Amino acid sequence: MTVATLAVDCRCELGEGPQWHAENQRLYWCDILNKRLHWLSTESGEHGDYPLEHMVSLATPLDDGRLMLVGEHSLSLFHPTTQHLAHFADFEADNPITRSNDARVDRHGSLWLSTMGKTAEPGAGSLYRLHRGKLTQLRSGLSIPNAICFSPQGDAAYFTDTPTGIVMRWALDSQGWPVGEPLAWADFTAVDGNPDGAVVDSEGCLWLALWGAGKVVRLNHDGQVIGDVELPVSQPSCPAFAGENLDRLYITTAQEGFTADQRREQPQAGGLFVANVGVRGLADPLLRLA
């Protein structure tokens, strides 16, 4: 067992979407509900944040230094230096009950993103893929789509609909498009916590946050738990590897839904945590728009 320690005491209401930007050696993550984009220079420890006008769940880099923001109902291009924001595309703009949730770039440089009901309305969410600038819906009728990540070879995608407790594996073709129906891969219905965000390491194992259980578990190729990271807070939301050698696992957390007593009992909830787990991550490809 490994224990994670506090890296940034940012007190996010709903920390999400940790994303490493190798070019400027920064880790970015979002506080969805408080509409802020946070950043950490992993070597110097310097950190800060940007206020946003709407909820954002991921900021992923392009090759020109800009970040694609996955917003509440839109995709926008953001320049961290100038803070210039430019609209790129809308999704579910006519559906006021939903917002974006989980997202990650696949091995082909395409962005997968999910939506969910703002109060977790059953079946309100969907899964999309932005491939070369065109957004395609892959699946609908989901409640809280999470755990979007990809095998090292790019031949499989993983995701979960959190309330089901099941992580799915979806075969992909040579262009990264789903083939057939996703299959149940790992079952968490009989354990504490619910599957949330996930990332794959350099050995092809999946690191999965268990919301409510205060841990991130490592799964082997057969979906079996082979290790874990314990946190001093109960609501980890998503892990990501960062640092020059991608050898540190950073974990976003949340205090969403906490009572006043829970906030006092878990004063670090909503912080960014870090653990040395003895394995390196995989570099996420830069997002390609053409």
Side-chain angles (χ1 to χ4, degrees), residues 16-30 37 39 56-71 74-81 84-91 100-115 126-139 145-159 168-180 182 197-207 238-246 250 280-290:
E16 260 290 4
Q19 174 72 59
W20 176 240
H21 191 341
E23 182 180 350
N24 64 10
Q25 296 288 289
R26 278 184 175 185
L27 179 73
Y28 290 96
W29 70 101
C30 305
L37 174 63
W39 61 269
V56 169
S57 56
L58 183 78
T60 194
L62 288 80
D63 61 5
D64 60 6
R66 291 182 298 172
L67 303 170
M68 177 69 82
L69 303 186
V70 180
S74 64
L75 299 171
S76 303
L77 294 167
F78 177 73
H79 200 292
T81 302
H84 180 261
L85 187 69
H87 178 267
F88 181 80
D90 290 321
F91 56 88
S100 66
N101 192 42
D102 198 30
R104 191 175 294 278
V105 173
D106 67 19
R107 303 297 173 218
H108 300 268
S110 300
L111 176 67
W112 290 48
L113 65 98
S114 70
T115 60
S126 295
L127 187 60
Y128 296 87
R129 188 185 190 214
L130 178 72
H131 180 69
R132 307 304 179 257
K134 180 181 179 181
L135 195 64
T136 300
Q137 187 183 67
L138 303 177
R139 204 164 189 84
N146 265 314
I148 299 171
C149 57
F150 306 92
S151 64
Q153 300 79 20
D155 59 355
Y158 299 92
F159 74 95
M168 310 296 289
R169 187 180 190 276
W170 209 351
L172 304 177
D173 66 18
S174 61
Q175 300 300 310
W177 292 104
V179 178
V199 68
V200 172
D201 65 29
S202 59
E203 297 177 2
C205 295
L206 188 147
W207 295 82
C238 192
F241 286 92
E244 184 176 2
N245 298 313
L246 295 176
Y250 286 84
R280 293 184 179 184
L282 285 173
D284 285 331
L286 294 171
L287 174 61
R288 293 177 58 188
L289 297 180

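It should be emphasised that the depicted structure is a prediction, and the values quoted were computed from it without experimental measurement.
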message: With side chain to side chain contact (heavy atoms under 4.5 Å, CB included) as the criterion, how do Cys149 and Tyr158 come out once you've worked through the C-alpha distance, each side chain's angles and the decisive distance to 0.1 Å?
response: CA-CA 5 Å; Cys149 57; Tyr158 299 92; 3.9 Å; yes

field: Partner set under ring-ring contact (aromatic ring centres under 6.0 Å, His included) for His108, not counting sequence neighbours
entry: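 Not a single residue meets the ring-ring contact (aromatic ring centres under 6.0 Å, His included) criterion with His108.
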
field: Pair Arg280 + Asp201, salt bridge at N-O below 4.0 Å
entry: no

task: Please determine, by modelled atom types, if Ser126 and Gln137 share a side-chain donor-acceptor pair under 3.5 angstrom.
output: yes

Taking the side chain as every heavy atom from C-beta outward, state whether [X] and [Y] have any atom pair closer than 4.5 Å.
{"X": "Leu58", "Y": "Tyr28", "result": "no"}
{"X": "Leu135", "Y": "Leu111", "result": "no"}
{"X": "Asp284", "Y": "Arg104", "result": "yes"}
{"X": "Pro182", "Y": "Arg169", "result": "no"}
{"X": "Met68", "Y": "Leu289", "result": "yes"}
{"X": "Phe241", "Y": "Leu282", "result": "no"}
{"X": "Ser57", "Y": "Ser100", "result": "yes"}
{"X": "Trp177", "Y": "Leu138", "result": "yes"}

query: Would Trp112 and Tyr128 count as a close aromatic pair, with their ring centres under 6.0 Å?
result: no

- prompt: Trp39 and His21: aromatic ring centres closer than 6.0 Å?
  reply: no

field: With Arg26 via salt bridge (charged side-chain N to carboxylate O under 4.0 Å, His left out) - residues at least two apart
entry: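 For Arg26 there are no salt bridge (charged side-chain N to carboxylate O under 4.0 Å, His left out) partners, ignoring immediate neighbours.
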
message: Under the criterion ring-ring contact (aromatic ring centres under 6.0 Å, His included), I'd like the reasoning laid out for Trp170 against Phe159: C-alpha separation, chi angles, the key distance, then a yes or no.
response: CA-CA 8 Å; Trp170 209 351; Phe159 74 95; 5.8 Å; yes

How many angstroms lie between atom [atom1] of [X] and atom [atom2] of [Y], to the nearest 0.5 angstrom?
{"X": "Cys30", "Y": "Glu16", "atom1": "SG", "atom2": "CD", "value": "8.5 Å"}
{"X": "Asp155", "Y": "Asp173", "atom1": "CG", "atom2": "CG", "value": "11.0 Å"}
{"X": "Thr136", "Y": "Leu130", "atom1": "OG1", "atom2": "CG", "value": "8.5 Å"}

- prompt: Asp106 and Arg129: salt bridge (charged side-chain N to carboxylate O under 4.0 Å, His left out), yes or no, with the steps?
  reply: CA-CA 9 Å; Asp106 67 19; Arg129 188 185 190 214; 2.9 Å; yes

- line: By side chain to side chain contact (heavy atoms under 4.5 Å, CB included), Ser114 pairs with (sequence neighbours left out) Asn101, Asp102, Leu127, Pro145, Ile148

- prompt: Above 12 or not: heavy atoms from other molecules or residues under 6.0 Å from NE2 of His84?
  reply: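 Not more than 12 within 6.0 Å, no.
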
message: Using only atom types and a distance under 3.5 Å, with no angle test, would you say the side chain of Arg288 pairs donor to acceptor with the backbone of Ser110?
response: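 Not a single qualifying donor-acceptor pair exists.
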
